[in-house]
There are 2 protein chains.
Amino acid sequence: MVRKKPITSSRGLFEDKARIIKALAHPSRLLMIDALASGEKCVCELQELVGSDITTVSKHLAVMKRAGIVEDRKDGLWVHYRLKVPCILRFFDCIDIVLENEREAGKPSGPARRGACLAEKPNCRKR
Amino acid sequence: MVRKKPITSSRGLFEDKARIIKALAHPSRLLMIDALASGEKCVCELQELVGSDITTVSKHLAVMKRAGIVEDRKDGLWVHYRLKVPCILRFFDCIDIVLENEREAGKPSGPARRGACLAEKPNCRKR
DNA sequence: TCGTTATTTGGTAAAATAACCAAATAGTTG
DNA sequence: CAACTATTTGGTTATTTTACCAAATAACGA
């Protein structure tokens with residue numbers, strides 16, 4: 001049984017969670033996770049995918065490995081990485097919702113798009 | 001620092017996603033999201049919760065608002081923030097799984113706890 | 001063993017992030 | 001309007017993250 005909410009103001013817990021989320025918070029790392037969703041890949045394949053220096057890619061993978069998001073398997077000269085926690089993928093659907101909201105809000109057809117500079121609007125610069 | 005041009009056309013999408021995930025990747029912000037799960041709170045309440053300077057808290061909230069994670073509502077002198085995308089919360093269960101794995105791996109009762117410093121173990125410092 | 005390939009590690013510099021203080025802004029009350 | 005409160009913005013500094021290069025390590029085959 002997993003206690004949903006441990007001791008309140010357990011600051012350390014949120015630091016642990018932040019550490020893991022930080023390991024996700026980079027475009028190249030997200031791209032690699034997306035690729036790993038369809039199965040394990042060697043570093044060389046991931047390097048070609050993201051297009052950065054291979055040492056950069058290796059370090060990105062190390063960050064995710066240290067966070068427990070991926071795991072690796074050595075096979076001769078190659079190291080293959082794979083997702084360790086597939087539930088991560090479901091989260092990305094939620095991120096898509098955020099982006100969808102953003103896109104809708106940016107639509108010129110929506111209300112309050114012209115002239116509606118009210119106090120409630122945080123970007124209102126009317127004096 | 002040289003930023004390479006994207007190789008895949010969807011590179012920009014991953015940059016957008018990373019921007020949103022970055023907005024989650026801070027212990028104070030996670031703490032606030034956790035608090036907002038039970039309903040909207042004013043900045044002053046959140047400030048008391050996280051214990052940082054109120055300007056710091058305000059900036060954290062601005063980061064999350066810009067990312068589309070929270071939204072605000074002005075009520076007299078107060079500004080109340082609330083979650084805009086509750087599905088974020090479900091994601092945290094997945095983060096808990098990662099932490100659970102980590103804790104299990106670190107258990108002193110498990111195998112390979114003493115002397116088993118193998119090449120496969122990331123924390124192996126044997127040369 | 002030597003040479004080759006795949007990956008990691010160490011170092012450095014640029015860029016991004018985060019904390020706090022001081023000042024500005026917005027809204028309330030008298 | 002003046003005084004007061006809640007919040008945001010601007011500025012500065014310290015810390016963290018990131019990218020690349022150079023060198024090290026690991027595993028293979030001749």
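Per chain, numbering begins at 1; letters A, B, ... match sequence-line order. Atom set for the values below is all heavy atoms of this structure, side chains included, hydrogens, waters and symmetry mates excluded.
- The side chain of B:H60 places an N or O atom within less than 4.0 Å of a non-bridging phosphate oxygen (OP1 or OP2) of C:dA19.
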So which protein nitrogen or oxygen atoms get under 3.5 Å of nucleotides 3-7 of chain C's nitrogens or oxygens?
unit_1: C:dT7; atom_1: OP1; unit_2: A:V43; atom_2: N; d: 3.2
unit_1: C:dT7; atom_1: OP1; unit_2: A:V79; atom_2: N; d: 3.3
unit_1: C:dT7; atom_1: OP2; unit_2: A:C44; atom_2: N; d: 2.9

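- C:dT8 atom P lies 12 Å from atom CZ of A:R66, rounded to whole Å.
- Contact annotation: B:T56 side-chain N/O to C:dA18 OP1/OP2 distance is not under 4.0 Å.
- Between the side chain of B:T55 and the base of C:dC21, a donor-acceptor pair under 3.5 Å is found.
- At C:dA19, one or more side-chain N or O atoms of B:H26 fall inside 4.0 Å of OP1 or OP2 (strictly under the cut-off).
- Residues B:R19 and B:D16 meet the side-chain proximity criterion, which asks for heavy atoms closer than 4.5 Å.
- B:R19 comes within contact range of no nucleotide atom at all, as no heavy-atom separation falls under 4.0 Å.
- Counting heavy atoms from C-beta outward, B:R90 and A:R90 have side chains that stay 4.5 Å or more apart.
- Atoms CZ (A:R73) and C1' (D:dA27) sit 15 Å apart, rounded to a whole Å.
- By the 30° and 60° cut-offs, the orientation of the rings of A:H60 relative to A:H26 is tilted.
- Put simply, CG on B:L46 is 15 Å from C1' on D:dT8, counting in whole angstrom units.
- At least one side-chain heavy atom of B:L13 sits under 4.5 Å from a side-chain heavy atom of A:L99.
- To the nearest angstrom, C1' of D:dA6 lies 18 Å from NZ of B:K41.
- Within the 4.5 Å cutoff, the side chain of B:M64 has heavy atoms near those of the B:I33 side chain.
- Straight-line distance from the NZ atom of A:K59 to the P atom of D:dA24: 15 Å, rounded to whole Å.
- B:L61 places its CG atom 16 Å from the P atom of D:dA6, with the value rounded to the nearest Å.
- The nearest whole Å value for the distance from the CG atom in B:D75 to the P atom in D:dT5 is 18 Å.
- With D:dC20, C:dA19, C:dC20 as the choices, the nucleotide that has an atom nearest any side-chain atom of B:S52 turns out to be C:dC20.
- Among the atoms of the strands shown, only primed sugar atoms or phosphate atoms (P, OP1, OP2) are found under 4.0 Å from some heavy atom of A:K22.
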How far apart are the C-alpha atoms of B:D34 and B:F92, what are their side-chain angles, what is the distance that settles it, and do they pass the side-chain contact (heavy atoms from CB on, under 4.5 Å) test? CA-CA 10 Å; B:D34 188 65; B:F92 294 154; 5.9 Å; no
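- Distance CG (B:D53) to C1' (D:dG10): 14 Å, rounded to an integer number of Å.
- Judged by distance alone, the side chain of A:Q47 and the main-chain N or O of A:D53 form no donor-acceptor pair under 3.5 Å.
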